[in-house]
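Okay, so here's the structure we're looking at.
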Amino acid sequence: MEKPEKLIIDGKRLDGRAPEEMRPLKIEAGVLKRADGSAYVELGENKVLAAVYGPREMHPRHLQRPDTAVLRCRYNMAPFSVEERKRPGPDRRSVEISKVTRQALEPVLFLELYPRSVIDIFIEVLQADAGTRTAGITAAAVALADAGIPMRDLVSSVAVGKIDDMIVLDLTKEEDQWGTTDMPVAIVPRKKLVSLLQMDGNLTEEEFKRALDLAFRGCEQIYQAQRQALKEKYAIKPEGE
Ligand code: CDP
């Protein structure tokens, strides 16, 4: 794709959004029968599934830890998820994203409750349009709750960034590619704790503060949608419904 001349025209982004507007978001909890917990997230053109297994006994046993469970994350992109076919299997990018995803989620779990165990999270990106690591974290948090695993809170995640000298919420692939800065953030909403913060590009201190504030506001919307998805799955419905 060629570089567009401008990413913001008359205050609107190329997909018609305002700078502080998120793409349409859809979250569904409990979509996979064979996983202990699962969730499906659509954010604009992104389509991401998360599946959780465990806590269960860790095998091989030499990876067990006597005092705590181990959280394992695997972020994977389907070959058909991107414009140019992605070669199957792990690569540097997916190893990095798996690691930061694990670190973003660990603070809300009580891993010390499950010595010698493992909790596995599989994130499968079916369609990508920038923001897949954050959509994966959002999905994984709902999948962990759906698995009935005790949690301090959910984790909500979205990217912010800078395009055409403007701070914007939730970048598309075009904006990520041709913009100045991409900053994925994950937040533990109730404690207002940041559990993921990466930056590709640069921002002044003042821009950084505005971007982080926007990420908090975006995550609040995501948090509400996550809670709604869990309520829809678990609300006790009156008889006959
Ligand atoms: O997806 P996320 O924004 O978290 O990560 P990224 O590394 O900043 O990638 C941005 C986007 O580039 C992805 O969401 C994909 O749409 C695209 N991409 C791709 O087309 N081919 C790849 N092998 C990797 C990423």
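Just so it is clear, the model here is predicted, and its values are computed rather than measured. Every number for a ligand or one of its atoms is a count from 1 in the order of the listing.
- Judged purely by distance below 3.5 Å, without hydrogens or angles, the side chains of Glu232 and Gln228 pair a donor atom with an acceptor atom.
- Using a distance-only test at 3.5 Å, with no hydrogens or angles considered, a donor-acceptor pair links the side chain of Ser117 to the main chain of Pro115.
- Among protein heavy atoms, the minimum distance from atom 15 (C) of ligand 1 is reached at Ala128 CB, 3.7 Å.
- Gly131 counts as a contact of ligand 1, since one of its heavy atoms falls under 4.0 Å from the ligand.
- Between Arg93 and ligand 1 there is a heavy-atom distance shorter than 4.0 Å.
- Residue pairs meeting the salt bridge (charged side-chain N to carboxylate O under 4.0 Å, His left out) criterion with at least one partner in residues 136-151, sequence neighbours excluded, are Asp146-Lys233.
- With Ile137, Thr172, Asn46, Val82 as candidates, the residue nearest to atom 21 (N) of ligand 1 on a non-hydrogen basis is Val82.
- Judged by distance alone, with hydrogens and angles left aside, the side-chain atoms of Asp164 form a donor-acceptor pair with the main-chain N or O of Leu7 at under 3.5 Å.
- Val70 places none of its side-chain heavy atoms less than 4.5 Å from the side chain of Leu63.
- Arg217 has a carboxylate O that lies under 4.0 Å from a charged side-chain N of Asp213, or vice versa, which qualifies the two as a salt bridge.
- With hydrogens left out, the protein atom closest to atom 11 (C) of ligand 1 is Lys173 CD, 3.7 Å, a heavy atom.
- Identified under the salt bridge (charged side-chain N to carboxylate O under 4.0 Å, His left out) test for residues 125-139, with sequence neighbours left out: Arg23-Asp129, Glu96-Arg133.
- Atoms of ligand 1 found under 4.0 Å from any heavy atom of Asp176 (numbered from 1 in listed order, with element): 3 (O), 8 (O), 10 (C).
- Each of the following atoms of ligand 1 lies closer than 4.0 Å to a heavy atom of Asp182: 8 (O).
- The shortest N or O to N or O distance between Ala130 and ligand 1 is below 3.5 Å.
- Considering backbone and side-chain N/O of Lys86, none are found under 3.5 Å from N/O of ligand 1.
- When hydrogens are left out, the protein atom nearest atom 1 (O) of ligand 1 is Thr132 OG1, 2.5 Å; that is the closest non-hydrogen contact.
- The shortest N/O to N/O separation between Thr134 and ligand 1 does not fall below 3.5 Å.
- The backbone N or O of Arg152 lies less than 3.5 Å from a partner atom in the side chain of Arg190, making a donor-acceptor pair.
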